[in-house]
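Order of appearance sets the numbers: ligands from 1, and atoms from 1 within every ligand.
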Amino acid sequence: MVLTDTHAHLYLEQFDKDRGEVMERVSASGVSKICLPNIDHSSIDSMLQMEMDYEGVCFAAMGLHPCSVKKDFEKELYLVEDWLNKKKFIAVGEIGTDLYWDKTFQEQQEEAFKIQVEWAKKHQLPIIIHCRESIDWTIDLVETLMDDHLTGVFHCFSGNEAQAKRIEQLGFYMGIGGVATFKNGGMDKVIPNLPLQRLLIETDSPYLSPVPHRGKRNESAYVALVAQRIADLKEIELEEVARATTSNASNLFGW
Ligand code: NI
């Protein structure tokens, strides 16, 4: 069985003490490829170092996270643009909107998102979208920015069926993570009706650990628990979930 973790921040300091062991558990659990999305200027060096250390397993995406969009976001974006021009990445991300933590820079978030989507189009890369408490707004934005080639994933999808339909119509994917395993996550009603051909699995490590590790540090090996949860909810074999999500991830990221 081959699995993929399409969203993990394993380069963060939470893994500095035991990154090697975490990566050993990755190979032992059948996870063959991991996407590392960027956050802001402070995460670039460690992310690229990890991509180098685990060549062929870890793949970096370049972008400015909406929670890092502040007054100085233009300076941050300049750095993203520069990196996209000088090195190959597998996606532009993570980018998007977040109205959960802070609404102060809503306008700037929208502007930063639009600019980065244009760069994704220019470099013909998929986008990795973060949208917390802002999914309808973000789908609206993507709809206005669509062209014939733009594609991507709504990471940490926790929306309803109507929102899933709109994402499906855009030809985008939905990233399913630890929230799917939460009893109060509300995803047990939605996931059975989501098309397997549109799903990716992810951890968002070190955040959002699936049950039974909820509340503790997440790591990429736990993506197997997410795959199992999808299989249980859809009443299909784990193998089928693994096969479909790995093939979807290969299509999206060119793996
Ligand atoms: Ni993330």
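Annotation: Phe157 is not in aromatic contact with His155 [ring centroid separation under 6.0 Å not met].
Each of Gln228, Arg229, Lys234 was evaluated against Asp232; a single residue qualifies, Gln228, per the side chain to side chain donor-acceptor pair (under 3.5 Å) test.
Residue Asp204 approaches the Ni ion (ligand 1) most closely through its N/O/S atom OD1.
Leu194 is listed as a side-chain neighbour of Ile176, based on a closest heavy-atom distance under 4.5 Å.
At the Ni ion (ligand 1), the angle from NE2 in His7 to OE2 in Glu94 is 80° when rounded to 10°.
Among the atoms of His9, an N, O or S atom falls under 2.8 Å from the Ni ion (ligand 1).
Judged by the 6.0 Å distance and 45° axis criteria, Lys121 is not positioned over the aromatic ring of Trp119.
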